[in-house]
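I have placed the structure first, in the form of structure tokens, so that the comments after it can refer back to it.
Throughout, protein chains are lettered first and strands after them, A, B, ... in sequence-line order, and every chain is numbered starting at 1.
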Amino acid sequence: MIPLSWYLVLSAALVCIGVFGVISRRNAIAMLLGVELILNAVNINLLAFWRYMDVIHVTGQVFTIMVITAAAAEVAVGLAIFIAVYRNKRTIAAEDVADLKG
Amino acid sequence: MPVITLQLVIFITVAALAIASALGMLFSRNTVYSALLLVFNFTTVAFLYFMMGAPFIGLAQITVYAGAIMVLFLFVIMLLGTEQIARIEQLSAQSVAAVLLGLVIITEAVVVFLLRNPTSLVVTSGGDVVSVNEIGGLLYSQYLLPFEITSFILLVAVVGAIILTKQEKPAGKAVEGEVKK
């Protein structure tokens with residue numbers, strides 16, 4: 001059996017890569033890809049703890065399904081926002097879309 | 001350290017592939033390649049779910065994440081024609097963030113590997129695969145309210161996406177011209 005900590009380290013590495021992607025990328029779509037990576041790492045954590053702590057109940061899997069659903073909704077709304085922004089400003093580079101900054 | 005078994009070798013291979021594809025996604029200049037590498041990453045993670053004994057989640061991962069969501073990403077990337085992004089300027093704030101994140105993961109690895117208490121972990125024996133029936137039963141009994149709220153979130157997202165992308169007037173000339181070109 002693989003130790004639980006290995007799953008956690010993998011998940012932490014993926015979260016760090018995702019956060020760095022969100023921070024460093026200029027393209028808004030690439031930032032959203034980083035967010036997807038973070039949510040994916042969260043799912044790894046949920047399932048690993050389900051497997052090692054509470055395998056009788058399937059609560060971890062239920063919450064994973066909800067995270068996947070929330071990620072799908074987030075992507076739909078986020079990409080719709082990017083399409084609307086691109087239609088108005090002809091760009092989705094993150095630093096060019098700063099109209100809300102006073 | 002545990003004994004080297006076949007399972008462990010497979011896990012390390014899959015985990016290395018997952019991290020490598022995530023890094024490739026991060027450093028790829030072309031957004032289309034980033035999205036495709038993320039599809040590969042999601043597939044490797046789904047393989048981990050199969051190894052953990054959660055086949056339903058693994059299949060949902062492949063169909064929903066690697067299938068639907070990433071197709072939506074690729075569609076929008078190609079629709080907007082923003083595959084190529086300009087060269088990333090290395091801001092100092094970014095390197096600071098990178099160093100901080102690296103420290104975080106090193107700290108986490110050290111804490112988890114060296115300072116953990118091995119007896120605090122109740123490791124249940126493997127081999128039992130949870131059926132979809134149990135997940136569905138729990139979803140419709142104990143977690144009915146979160147389930148309904150999730151469905152409401154999906155409804156709001158669908159309506160919001162349609163409203164956000166709807167053309168107000170027939171003034172969509174520029175966008176159509178861009179796509180046709």
#### Entry: Proximity breakdown for B/L38 and chain A, heavy-atom pairs closer than 4.5 Å
side chain
### Summary
So, the part of B/Y65 with a heavy atom under 4.5 Å from chain A: the answer is side chain
### Task
Answer yes if B/V9 and B/F11 sit in the same cluster of Ile, Leu, Val, Met, Phe, Trp and Tyr residues linked by side chain heavy atoms under 4.5 Å apart, and no otherwise.
yes
### Task
Work out which heavy atom in B/A35 is nearest to a heavy atom in B/M70; give both atom names and the distance.
O-CE, 3.5 Å
### Query
Under 4.5 Å between side-chain heavy atoms, hopping through other hydrophobics if needed: is there a path connecting A/V75 to B/F40?
no
### Query
For chain A, which of B/F75, B/F147, B/Y49 has the most heavy-atom pairs under 4.5 Å?
B/Y49
Could you list the donor-acceptor pairs under 3.5 angstrom formed by side chains in residues 8-18 of chain A, with sequence neighbours left out?
{"unit_1": "A/S11", "atom_1": "OG", "unit_2": "A/A41", "atom_2": "O", "d": "3.1"}
{"unit_1": "A/S11", "atom_1": "OG", "unit_2": "A/N45", "atom_2": "OD1", "d": "3.2"}

### Query
Does A/R51 reach the side chain of A/L4, with side-chain heavy atoms less than 4.5 Å apart?
no
Please set out all donor-acceptor pairs under 3.5 angstrom arising from side-chain atoms of residues 156-165 of chain B, sequence neighbours excluded.
{"unit_1": "B/T165", "atom_1": "OG1", "unit_2": "B/A161", "atom_2": "O", "d": "2.7"}
{"unit_1": "B/T165", "atom_1": "OG1", "unit_2": "B/I162", "atom_2": "O", "d": "3.4"}

### Task
Name the region of B/I149, side chain, backbone, both or neither, that has any atom closer than 4.5 Å to a heavy atom of chain A.
neither
### Message
Please classify the contact between A/E36 and chain B as side chain, backbone, both or neither, with a heavy-atom cut-off of under 4.5 Å.
### Response
both
### Message
So which residue, A/I68, A/T59, A/T69, A/L47, ends up with the most heavy-atom pairs under 4.5 Å with chain B?
### Response
A/L47
### Message
Restricting to non-hydrogen atoms, name the atom on A/G21 and the atom on B/L26 that form the minimum distance, rounded to 0.1 Å.
### Response
CA-CD1, 3.1 Å
### Message
I'd like to verify something: which residue of A/L37, A/L39, A/T64 has the highest number of heavy-atom pairs under 4.5 Å with chain B?
### Response
A/L37
### Query
Looking at side-chain heavy atoms only, is the closest gap between A/M66 and A/V62 below 4.5 Å?
yes
### chain A contacts, top residue of B/V45, B/V64, B/L100 (heavy-atom pairs, under 4.5 Å)
B/V45
### Query
Picking from B/N41, B/L138, B/L48, which has the most non-hydrogen pairs under 4.5 angstrom with chain A?
B/L138
### Task
Using a cut-off of under 4.5 Å on heavy-atom pairs, state which of B/Q142, B/M51, B/M25 scores highest against chain A.
B/M25
### Message
What part of A/F63 gets within 4.5 angstrom of chain B, counting heavy atoms only: side chain, backbone, both, or neither?
### Response
side chain
